[in-house]
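Have a look at the structure below, then the notes.
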Amino acid sequence: MSDDAIPGHPLPVAARAPGKCILFGEHAVVHGGPELLLGIDLYTQVAVRGSDRLRLNGHPESAAGHAYLGTAIRELWSGEPPVDVHAVSRIPRASGLGSSAAFIAALAAALGAARGGVRRDELAQRSFSVERGSQGVGSPGDTSAAVAGGYLSVNSRGPASGPELWTVRAGDRRWTVRRVPDPGWVWVVAYSGIPKDTGPRVRAVGERLTGPDGPELLERFARVADAGERALLAEDREETARQLAENHRLLQAVGVSHPRLEALLEAARPASLGAKVTGAGGGGSIVALPVPGQETDLLRRLARAGAAAFAVRPASTGAELV
Ligand code: MEV
């Protein structure tokens, strides 16, 4: 097994994985478009121990009762011994910041360790299969960010960013995931408090993106993601921010903004170079690129507007045993 793999470890075992923030290309990535995102330094930690029956945080759980846990146990664990899974997270739930992907990747890493270890590309595939198996739709962007940490591009057709990490499959669709160099910037994310519901939202946007104006919309999403990736690689904050705003206009056009999110974007304006909805939308969070030196002011403005705001950096590691 490579150095980078999750090593074998008997039960009890604990692992953690980071949340994520999408800069460009959410929704379009489900249909094969390019996406740029980062695993962020807010983590979910999962501990797994043997038990008399399946439990979550000490409470008896049926495999049918918790979609992600049930699917993970069905797909990654033959059920013996039954396990008690303990999860603690700094990522707000249903916020668009990758709490489910982080839970799945940390759990898959812990179960993989207990089964003798798992290669990281295999962990990315397993985590995506669990997420897709429970949600029914989606791309491997979120789970790959939880497995790899740091900046990633999915299906990049822009400047060949960095080395290919893995290819992830679902049916006959494949997504290629690459490492993208870190420009060294701090980002601010802010959760509106309105939970989003990824599955229905992805299906609704999917109807637009596969409808009569779908090809043109997908091409516009792709052009923005390409330009955003080029700007980030050139460490050009102003141009990156322009592309964030452009991507937000496309997200508005496919109906995933919300008056609360628009209010947060307005609140962010004086202290940020650019901002957008991040993730499935319809609720959830925004991401903003702060004016350098004005990070604290930006956090204050967003908190005053009622959001839970965090300054985030790329997670230096992806899923790992702790
Ligand atoms: C959700 O975080 C991102 C979406 O693009 C769905 C997905 O990629 O699975 C909206």
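Just so you know, these numbers come straight off a predicted model, no measurement behind them. We count ligands from 1, going down the list as the structure has it; atoms in each ligand are counted the same way.
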Any N/O pair Glu35/ligand 1 closer than 3.5 Å: no
Atoms of ligand 1 close to Ala280 [distance to a heavy atom under 4.0 angstrom, numbered from 1]: 1 (C), 10 (C)
Between Ser129 and Glu75: side-chain donor-acceptor atoms closer than 3.5 Å: no
Heavy-atom gap Lys20 to ligand 1 smaller than 4.0 Å: yes
Residues Arg304, Glu266: salt bridge by 4.0 Å N-O rule: no
For Ile22, the ligand 1 atoms whose distance to one of its heavy atoms is below 4.0 Å: 2 (O), 3 (C)
N-O pairing of Arg242 and Glu238 below 4.0 Å: no
Under 4.0 Å to a heavy atom of Val202 - the qualifying atoms of ligand 1, by number: 6 (C), 10 (C)
Gly25 backbone acceptor or donor facing Asn247 side chain under 3.5 Å: yes
Side chain, backbone, both or neither: Val205 near ligand 1, heavy atoms under 4.0 Å: neither
Distance, nearest 0.5 Å, that separates CZ of Arg120 from CG of Leu123: 7.0 Å
Salt bridge present between Asp226 and Arg230 (N-O < 4.0 angstrom): no
Glu131 N/O to ligand 1 N/O under 3.5 Å: no
Per-atom contacts, ligand 1 versus Val29 - under 4.0 Å to a heavy atom: 5 (O), 8 (O)
No-hydrogen, no-angle side-chain donor-acceptor test under 3.5 Å, Ser134 and Arg74: no
Proximal ligand 1 atoms for Gly138, defined as those under 4.0 Å from one of its heavy atoms: 9 (O)
Contact atoms of ligand 1, heavy-atom distance to Glu26 under 4.0 Å: 5 (O)
N-O pairing of Lys276 and Glu26 below 4.0 Å: yes
Subset of ligand 1 atoms that lie under 4.0 Å from at least one heavy atom of His27: 4 (C), 5 (O), 10 (C)
Nearest non-hydrogen protein atom, atom 1 (C) of ligand 1: Asp142 OD2, 3.6 Å
Residue and atom name of the nearest protein heavy atom (relative to atom 8 (O) of ligand 1), distance in Å to one decimal: Ser139 OG, 2.6 Å
Parallel, tilted or perpendicular, as decided by the 30° and 60° cut-offs, for the rings of Trp175 and Phe128: perpendicular
